[in-house]
Amino acid sequence: MALIDTINPLLTTGWSKGDAGWSLKDYEARGGYAQLKRILSSKMSQDEVIAEVKKSALRGRGGAGFPAGLKWSFMPKAAPEKYVVCNTDEGEPGTFKDRDLLRYDPHSTIEGMIIAAYAVGAKRGYNYIHGEIFDIYQRFEEALDQARAAGYLGERILGSDFSFDLFAHHGWGAYICGEETGLLESIEGKKGQPRYKPPFPANFGLYGKPTTINNTETFAAIPFIMGMGGEAYLNLGKPNNGGTKLFSVSGHVNRPGNYEVPMGTPFAKLLEMAGGMRGGRKLKAVIPGGSSAPVLPAEVMMDCTMDYDSIAKAGSMLGSGAVIVMDETVCMVKALERLSYFYFEESCGQCTPCREGSGWLYRVVHRIEHGEGRPEDLDLLNRVTDNMMGKTICALADAAAFPVRSFIKHFKSEFEYHIEHKKCLVSPEVQRAGSGFFKAGAA
Amino acid sequence: MNKQYDMLSPEALGKIDREVAKYPADQKQSAVMAALVIAQDEKGWLPKETIAVVAGYLGMPPMAAYEVASFYNMYDLHPVGKYKLTVCTNLPCALSGGVHAADYVKEKLGIDFNETTPDGKFTLKEGECMGACGDAPVLLVNNKRMCSFMLPEAIDKLLAECK
């Protein structure tokens, strides 16, 4: 779906022509690669580029929200072989922004990666693209060919001393590869099982070499930051939450899709941009940052603004900016069952608390949903999450635990009703109507 | 050409060579994910012998390639129908009919998840997030073709198209 609505478009500037505006000449026509040219021709220093990104308060758009400029500054200066890697393994349920970024404007990510490579001194880079979006991977390869032919990639870029080449690598169906060290293992041609940290990728990354790894949206923002200056970018958002952000709005809204808004935009405004609630129904709950983020009840969410700090204060995470909207037709037990199945299915099996714990969570939520819950099950679920959180190599165990804890915390009576009455509080007919799959009145 | 690689066509080997060229000369193993996809596209699925051939071509132990083939969900280690349909049933899709879409396909084809129709035409799989939640319900045809907004009429049309 192409662009529907936006406030302060940066990342989505090129989206208005849909599939007809992605190629190199379109990108150049809207000022693309001008920043790379300026950096190279003015011989800007690496430190100057990093300082500009730091000033912008650009925080990692993949989920963790770590300041991008700071991450770049961790790269050792002297190392002879370094890499830049882009994480487009977009598998966090609810998130579909990077797909559209690469579909409608792949060159902004490419230019951002080239500038990053210049700043950290990398000669080679990879973009790891989610296997399920193979047509996007093919388009990205085509965009790389265009950039190479125009002299933006390869040896001595635009006649400078700087050389960098970039390649696309596709995944093939493993959520865990969205974790940065799992992704690096995957590029190395192995199972995508995360590594112990430290050492962090800036010291020991791809092929054991220093590596800067950022999310697609983070790289795509770089040309705009270099163009308007870090301070102007920061001022688009709010302190500590610089710039604009893409929000993927899914679920029970009239117009699901990606919306670019300045950090700090009220949730109510975002909901309005997405066309409001489907069928005019009542908002029940929102997962504001991808399925790993704790769920928030409607009344809490309606008071939030869309930025890292506001959502954190409300007890959840901005994460990847995936806003999953649920209305009153949703059974929260069934919703949680779907999520718990996902984490059980996608645990890489490396750490016992996650491998076993995610199975326990799914089986117990499943039995509650199917009328076989026991009164002690809610305590059991919380105890299992206690044994998972913070006890594993990567954050997948926490990601499996957060939904369970938050669904039970905010919607406990619904779980208790299920256990006591062995059925949903929300009738099956109401649930069935909620999805919009069946035409009104159809059997 | 080494005889043992006859199992894959010259076109497939050429495609694998192009993947290998993306990585440093001493990191051929990095091409294994793409190479297994190329082999799967040619063979329809990935028998152990094919995995071993890919491993040999990339100079890695067969077990290391098998570990990759068995770790990532979209490699088919068993034969599948001519059309493998993978329906996303994760929460964001389910809110917009993902589970209902899967039920509808099951009823139309008379098979459950992980089953193949008796004529060998369709295999149905349950998928996890494909990163297209705004287009729900979504399903993949043979891993590479994504179909969006799969309401009943769209499903009927797709099934009729699959000859």
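Quick caveat: nothing in here was measured; it's all calculated off a predicted structure. Side chains included, hydrogens not; waters and symmetry mates left out as well; all remaining heavy atoms used. Lettering of chains follows the sequences in order, A, B, ..., and the numbering in each one begins at 1.
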Contacting region of A/Ser291 [heavy-atom separation from chain B under 4.5 Å]: neither
Partner chain A: residue of B/Cys93, B/Ser148, B/Gly98, B/Gly97 with the largest heavy-atom pair count (under 4.5 Å): B/Gly97
When A/Ile187, A/Leu166, A/Ile133 are compared by non-hydrogen pairs under 4.5 Å with chain B, the top option: A/Ile187
Minimum heavy-atom distance B/Cys133-A/Gly94, with the two atoms named: SG-N, 3.2 Å
Given A/Tyr137, A/Phe140, A/Tyr126, A/Tyr128, the one that forms ring-ring contact (aromatic ring centres under 6.0 Å, His included) with A/Phe167: A/Tyr126
Heavy-atom side-chain contact between B/Asn73 and A/Glu346 under 4.5 Å: yes
Engaged part of B/Ala136 at the chain A interface, taking heavy atoms whose separation is under 4.5 Å: neither
Residues A/Glu141, B/Lys22: salt bridge by 4.0 Å N-O rule: yes
Region of A/Gln138 that comes under 4.5 Å of a non-hydrogen atom in chain B: neither
Residues A/Arg148, A/Asp165: salt bridge by 4.0 Å N-O rule: yes
Proximal component of A/Leu336, with respect to chain B [non-hydrogen, under 4.5 Å]: neither
Per-residue contact mode, A/Cys177 against chain B (heavy atom under 4.5 angstrom): side chain
Contact origin within B/Pro137 toward chain A - heavy atom pairs under 4.5 Å: side chain
Top contributor to chain B interface from A/Ala335, A/Gly349, A/Gly434 [non-hydrogen pairs under 4.5 Å]: A/Ala335
Minimum side-chain heavy-atom gap A/Leu102-A/Asp98 below 4.5 Å: no
Option that, when pairs with chain B are counted at under 4.5 Å, heavy atom only, ranks first among A/Gly189, A/Ser248, A/Gly251: A/Gly189
Contacting moiety of A/Ile324, where chain B heavy atoms sit under 4.5 Å: side chain
NZ/NE/NH1/NH2 to OD/OE distance under 4.0 Å, B/Lys144 and B/Asp41: yes
Residue part contacting chain A, namely of B/Tyr104, when any heavy atom lies under 4.5 Å: side chain
Geometric class of the A/Phe344/A/Tyr341 ring pair [parallel <30°, tilted 30-60°, perpendicular >60°]: perpendicular
A/Arg103 bridged to A/Asp19 by N-O distance under 4.0 Å: yes
A/Arg99/B/Asp135 under side chain to side chain contact (heavy atoms under 4.5 Å, CB included): CA gap, chis, key distance, verdict: CA-CA 12 Å; A/Arg99 169 189 183 228; B/Asp135 299 352; 3.0 Å; yes
Options B/Ala31, B/Ala34, B/Ala35, ranked by heavy-atom pairs under 4.5 Å with chain A, top entry: B/Ala34
N/O donor-acceptor pair under 3.5 Å between A/Tyr207 side chain and A/Leu184 backbone: no
Interchain contact, A/His130 with chain B, by part (heavy-atom threshold 4.5 Å): side chain
Pairs of heavy atoms under 4.5 Å with chain B: top-ranked of A/Gln193, A/Glu92, A/Arg278: A/Arg278
Beyond-backbone contact of A/Glu90 with A/Lys97, side-chain heavy atoms, under 4.5 angstrom: yes
Contacting moiety of A/Val325, where chain B heavy atoms sit under 4.5 Å: backbone
Sidechain N-carboxylate O distance under 4.0 Å for B/Glu161, B/Arg145: yes
Residue, of B/Leu36, B/Leu140, B/Thr89, that accumulates the most heavy atom pairs under 4.5 Å with chain A: B/Thr89
Engaged part of B/Met146 at the chain A interface, taking heavy atoms whose separation is under 4.5 Å: side chain
Chain A contacts, top residue of B/Asp26, B/Thr86, B/Val99, B/Leu151 (heavy-atom pairs, under 4.5 Å): B/Leu151
Heavy-atom proximity to chain B below 4.5 Å, by part of A/Ser186: both
Option that, when pairs with chain A are counted at under 4.5 Å, heavy atom only, ranks first among B/Gln29, B/Met130, B/His100, B/Met150: B/His100
Interface residue of largest heavy-atom contact number with chain B, from A/Met326, A/Lys334, A/Lys190, under 4.5 Å: A/Lys190
